[in-house]
Number of protein chains: 2
Amino acid sequence: MKKKISEMESQFKQYRLTPQRRLVLEIFLENREKHLSAEEIYQLSRQKEEIGLATIYRTLDLLEELGLLSKINFGDGRSRYELIQDGLNDTHNHHHLICLNCGRIQEVEEDLLNKLEEIVERKHHFSIVNHNLQFYGYCNRCNNGRKDL
Amino acid sequence: MKKKISEMESQFKQYRLTPQRRLVLEIFLENREKHLSAEEIYQLSRQKEEIGLATIYRTLDLLEELGLLSKINFGDGRSRYELIQDGLNDTHNHHHLICLNCGRIQEVEEDLLNKLEEIVERKHHFSIVNHNLQFYGYCNRCNNGRKDL
DNA sequence: TTTGATGCAAATGGTTTGCATCGGG
DNA sequence: CCCGATGCAAACCATTTGCATCAAA
């Protein structure tokens with residue numbers, strides 16, 4: 001079910017799967033549930049073989065273009081990326097719960113917006129190709145420690 | 001129905017309503033439907049009396065803190081702000097349709113996420129305080145010119 | 001007169017770009 | 001050999017901050 005690098009290689013077409021690009025991919029495969037920023041990937045890469053930050057940015061652009069990563073904006077001033085698994089859970093098909101206290105990010109697996117999109121498309125004659133949805137609040141862990149809830 | 005500056009003055013409490021702050025407010029009142037960035041406000045202010053960009057940033061923070069503006073992130077690399085009208089249409093209560101072709105931004109007035117939030121809160125034990133939702137696609141004007149639709 | 005507000009310029013932080021170099025096909 | 005890929009440093013751009021000055025209570 002889970003994609004491996006070998007399956008991804010075919011997507012590289014005219015591009016070269018260099019050691020740096022492979023390492024970035026490996027980092028995403030080892031952190032499937034995370035939402036990594038360029039800087040975080042840079043730090044993780046140093047454990048194996050350092051890659052220039054500029055190369056990381058260029059690689060992220062490429063991997064997004066190849067449809068392997070999706071770029072997310074949580075409003076924290078940096079772009080984050082996550083692996084597109086099986087072509088199904090790109091950001092169009094799941095959403096994020098962002099805890100304002102501890103910063104933890106959880107995924108909401110199902111896409112709850114289908115009906116909503118239909119309504120909006122009909123009412124505004126607007127053809128939707130993507131959406132962006134985050135919920136900000138307090139996660140179950142942090143709620144437990146808060147007496148006002 | 002529409003708020004005027006005079007009604008807003010009372011919200012300034014310990015803060016001074018300086019000419020610069022008043023001008024920024026006026027610009028928002030004259031552009032109720034727009035989603036202005038700091039730079040755009042800066043340009044608009046120059047028509048009357050120039051304000052330093054740093055002052056604009058500080059004023060935007062203040063007006064947000066006072067509950068007069070809400071900050072929105074459309075993922076275009078800059079923060080945008082809109083007037084909170086009657087305390088009702090802050091970003092929690094309406095969403096945006098962003099046209100990928102012409103860049104036009106339309107508002108979706110109703111808050112369609114209430115049921116969704118309930119589901120998410122129950123299922124994930126996550127107490128939501130805010131959300132962020134944009135739809136990207138093609139608006140009615142641009143759709144008309146596209147034969148593939 | 002005292003404290004908050006302003007404006008300028010410098011600093012910051014994420015991201016991009018120019019360019020010389022490297023290395024696989 | 002050639003062209004794409006890399007790495008470094010400089011450039012960029014939105015935003016923030018330090019600091020001297022200004023102005024209203």
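A, B, ... follow the sequence lines: proteins, then strands. Residue 1 opens every chain.
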Rounded distance in Å - [atom1] ([X]) to [atom2] ([N]):
{"X": "A:Arg78", "N": "C:dG13", "atom1": "CZ", "atom2": "P", "value": "10 Å"}
{"X": "A:Tyr81", "N": "C:dG14", "atom1": "OH", "atom2": "C1'", "value": "11 Å"}
{"X": "B:Leu36", "N": "D:dT15", "atom1": "CG", "atom2": "P", "value": "13 Å"}
{"X": "A:Leu62", "N": "C:dT16", "atom1": "CG", "atom2": "C1'", "value": "16 Å"}

Kindly say if [X] contacts the phosphate of [N], meaning a side-chain N or O under 4.0 Å from OP1 or OP2.
{"X": "B:Thr18", "N": "C:dT6", "result": "yes"}
{"X": "A:Thr55", "N": "D:dA5", "result": "no"}
{"X": "B:Tyr57", "N": "D:dT15", "result": "yes"}
{"X": "B:Arg21", "N": "C:dA5", "result": "yes"}
{"X": "A:Arg16", "N": "C:dG24", "result": "no"}
{"X": "A:Ser79", "N": "C:dT15", "result": "yes"}

Give a yes or no on whether a salt bridge exists between [X] and [Y], defined as a side-chain N under 4.0 angstrom from a carboxylate O.
{"X": "B:Glu64", "Y": "B:Arg58", "result": "no"}
{"X": "A:Lys71", "Y": "A:Glu65", "result": "no"}
{"X": "B:Arg80", "Y": "B:Glu40", "result": "yes"}

Scan A:Gln20 against the nucleic acid and name what it touches under 4.0 Å (heavy atoms): base, sugar-phosphate only, or nothing.
sugar-phosphate
Using only heavy-atom distances, decide whether a donor-acceptor pair under 3.5 angstrom links the side-chain of A:Arg58 to the base of D:dG4.
no
Considering heavy-atom distances to DNA chain C, does B:Ala54 or B:Gln14 have its closest nucleotide positioned more toward the 5' end?
B:Gln14
Could you say whether B:Gly77 or A:Thr59 is positioned toward the 5' end of DNA chain D, judged by the nucleotide with the nearest heavy atom to each?
A:Thr59
Can you find a side-chain donor-acceptor pair between A:His35 and A:Glu82 that sits under 3.5 Å?
yes
